[in-house]
There are 2 protein chains.
Amino acid sequence: MSLIPIRPGSPFGAQPERSDAARNRERLLQAARDLVAEHGVDAVTMDMLACRADVGKGTVFRRFGSRAGLMMTLLSDAEAEFQREFIFGPPPLGPGAPPRERLIAFGEARIKYVEEYGELARAAAEHSPQNRHDAPPVVLWHRHIEMLLREAGLDRDPWLLALSLGATLDPERMLHSLRVHGVPPERLSASWRELVTRLLKDC
Amino acid sequence: MSLIPIRPGSPFGAQPERSDAARNRERLLQAARDLVAEHGVDAVTMDMLACRADVGKGTVFRRFGSRAGLMMTLLSDAEAEFQREFIFGPPPLGPGAPPRERLIAFGEARIKYVEEYGELARAAAEHSPQNRHDAPPVVLWHRHIEMLLREAGLDRDPWLLALSLGATLDPERMLHSLRVHGVPPERLSASWRELVTRLLKDC
DNA sequence: ATATTAAGCGGACCGCAGTCCGTTTAGAAT
DNA sequence: ATTCTAAACGGACTGCGGTCCGCTTAATAT
């Protein structure tokens with residue numbers, strides 16, 4: 001009988017991690033960051049990571065569940081920071097600005113996020129529509145957009161409309177525009193602003 | 001010195017397929033259709049297909065290049081039909097209707113397409129952002145949307161705006177709404193209509 | 001018919017994500 | 001200190017997509 005462990009090492013886990021487990025987790029995260037820095041996200045394999053961290057492969061998967069899980073863990077700090085900003089931070093991203101401005105700021109922040117962490121974000125979503133669309137951060141962004149649409153007075157199925165807007169901000173899509181087509185980030189921002197502005201024209 | 005073969009067996013290939021190759025292609029396609037019908041797209045493996053068609057694995061990959069290529073081939077008839085409809089067919093999908101109506105009809109047709117062939121379409125795009133975003137049909141849809149946006153008078157970066165609209169119609173996203181969240185297709189259509197209408201409000 | 005040759009073929013092989021299960025060990029209980 | 005046990009570990013193993021390369025064969029030239 002115990003609490004549901006949200007995440008190993010999280011303050012809500014019933015009992016603390018065993019010491020060897022904690023040590024291995026640190027070793028793995030450090031090794032993962034190093035490997036990503038050295039070879040790029042896409043070239044890092046789970047075997048490579050296990051080897052570098054001097055740990056069995058089983059341990060890697062016990063820790064992170066999957067390659068996507070590892071990438072999510074590597075992203076979690078940046079993700080938490082991003083969430084703090086749009087939930088509690090200063091306007092126009094945080095509360096206080098009119099919903100249209102917040103929505104525009106949200107998209108622009110996402111674009112910057114993808115510029116910096118895009119490869120990780122893409123790898124964190126690979127190989128599983130489930131994870132891609134129902135991961136907690138994704139659900140949170142969706143809800144945030146939906147809320148802003150409602151506040152802006154858009155009452156015609158804001159849930160689905162939020163999904164459409166979220167699709168525009170999808171990391172893989174934006175990365176493809178940025179890296180393959182060489183679209184400058186300012187152009188992405190401008191297009192997002194245009195889209196949101198037109199959508200909320202008279203609400 | 002020969003023409004670039006567009007596709008084996010296509011009228012533009014320099015020389016016709018060898019007879020054994022043609023026979024094997026038919027066997028493979030038939031086997032693939034059977035296996036998909038029996039087990040569903042996601043459960044069909046390339047080894048399974050080779051075995052059922054009584055052909056070496058190398059032959060399967062020589063023919064289709066990859067799993068995604070196989071799925072594209074299975075889709076090609078439906079895809080060609082869809083293209084014919086929005087390029088040459090009767091309005092409002094084909095030419096003759098005002099661009100806003102055509103755009104709405106395009107989205108609705110895509111939704112029906114995904115209802116019917118969604119799993120195949122998703123499998124045809126899996127495991128390669130390159131294929132996902134730069135496959136010929138995808139590029140064509142994108143160009144079509146962009147053209148309609150221009151015709152409707154939207155002159156602020158219609159290329160990127162078309163990308164956003166295309167993102168809304170992405171098979172994986174729509175399948176997820178349909179199958180996981182149980183959103184009825186009519187609701188998807190209504191939301192698409194709302195999106196396009198608002199976007200083109202006063203152009 | 002025979003020789004030539006390039007397209008086609010098959011299946012062993014590779015790398016990778018992910019699983020399984022027998023072994024080890026940290027930490028609690030005595 | 002010793003025992004106990006559940007958590008953690010490690011690495012062999014599986015399944016899959018995809019490649020490689022030596023062998024076969026259809027089509028053509030002679």
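Letters A, B, ... mirror the listed sequences (proteins, then strands); counts begin at 1. All heavy atoms count here, side chains included; hydrogens, waters and symmetry mates do not. Everything numeric here is computed off the predicted structure, so don't read it as measured data.
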Query raised in the report: Between B:His181 and B:His176, what is the ring plane arrangement, given parallel below 30°, perpendicular above 60°, and tilted in between?
Result: perpendicular
Query raised in the report: What is the distance from CZ of A:Arg27 to P of D:dA8, rounded to the nearest Å?
Result: 16 Å
Requested in this report: Could you check how far CZ of A:Arg25 sits from P of D:dA8, rounded to whole Å?
Outcome: 11 Å
Query raised in the report: Do the charged groups of B:Glu146 and B:Arg150 touch, with an N to O distance under 4.0 Å?
Result: yes
Query - Carboxylate-amine/guanidinium proximity below 4.0 Å for A:Lys112 and A:Glu115 - result: no
Report task. Answer yes or no: is there an ion pair linking A:Arg132 with A:Glu172, defined by an N-O contact shorter than 4.0 Å? Result -> yes
Report task. Could you check how far CZ of B:Arg63 sits from P of C:dG8, rounded to whole Å? Result -> 6 Å
**Report entry** B:Tyr117 and B:Glu79: side chain donor to acceptor below 3.5 Å
**Finding:** no
Query raised in the report: What one-letter contact string describes nucleotides 21-30 of chain C from 5' to 3', where B marks a base within less than 4.0 Å of any protein heavy atom, S marks contact via sugar-phosphate atoms alone, and - marks no contact?
Result: ----BSS---
Query raised in the report: Can you say whether the rings of A:Phe82 and A:Phe106 are parallel (under 30°), tilted (30 to 60°) or perpendicular (over 60°)?
Result: tilted
**Report entry** Pair A:His127, B:His127: side-chain N/O donor-acceptor within cut-off below 3.5 Å
**Finding:** yes
Query raised in the report: Are any of the side-chain nitrogens in A:Arg52 or A:Glu38 under 4.0 Å away from the carboxylate oxygens of its partner?
Result: yes
Report task. May I ask you to verify if any side-chain N or O of A:Asn24 is less than 4.0 angstrom from the OP1 or OP2 atom of D:dC9? Result -> yes
Report summary line: note: B:Leu49, atom CG; D:dG17, atom C1'; distance rounded to Å ~ 13 Å
Query raised in the report: Is it true that B:Glu17 and B:Arg63 make a salt bridge, defined as a side-chain N closer than 4.0 Å to a carboxylate O?
Result: yes
Query raised in the report: Expressed in angstrom and rounded to an integer, what is the separation of B:Asn131 atom CG from D:dG17 atom P?
Result: 15 Å
Query - Angle of first-five versus last-five pair axes in the helix from C:dA1-D:dT30 to C:dT30-D:dA1, to 10 degrees - result: 0°
Dump the pairs, protein N or O against N or O of nucleotides 13-18 of chain C, anything under 3.5 Å, distances to one decimal.
unit_1, atom_1, unit_2, atom_2, d
C:dA17, OP2, A:Met46, N, 2.9
C:dA17, N7, A:Lys57, NZ, 3.1
C:dG18, OP2, A:Arg67, N, 2.8
C:dG18, N7, A:Lys57, NZ, 3.3
C:dG18, O6, A:Lys57, NZ, 2.7

Query - Whole-Å gap separating P (D:dC16) and CG (B:Leu35) - result: 13 Å
Query raised in the report: Between D:dA6 atom P and A:Arg62 atom CZ, what is the distance in whole Å?
Result: 14 Å
Requested in this report: Look at B:Asp54 together with B:Arg27 and state whether they make a salt bridge at an N to O cut-off of under 4.0 Å.
Outcome: no
Query raised in the report: Would B:Arg179 and B:Glu119 pass as an ion pair if we require N to O under 4.0 Å?
Result: yes
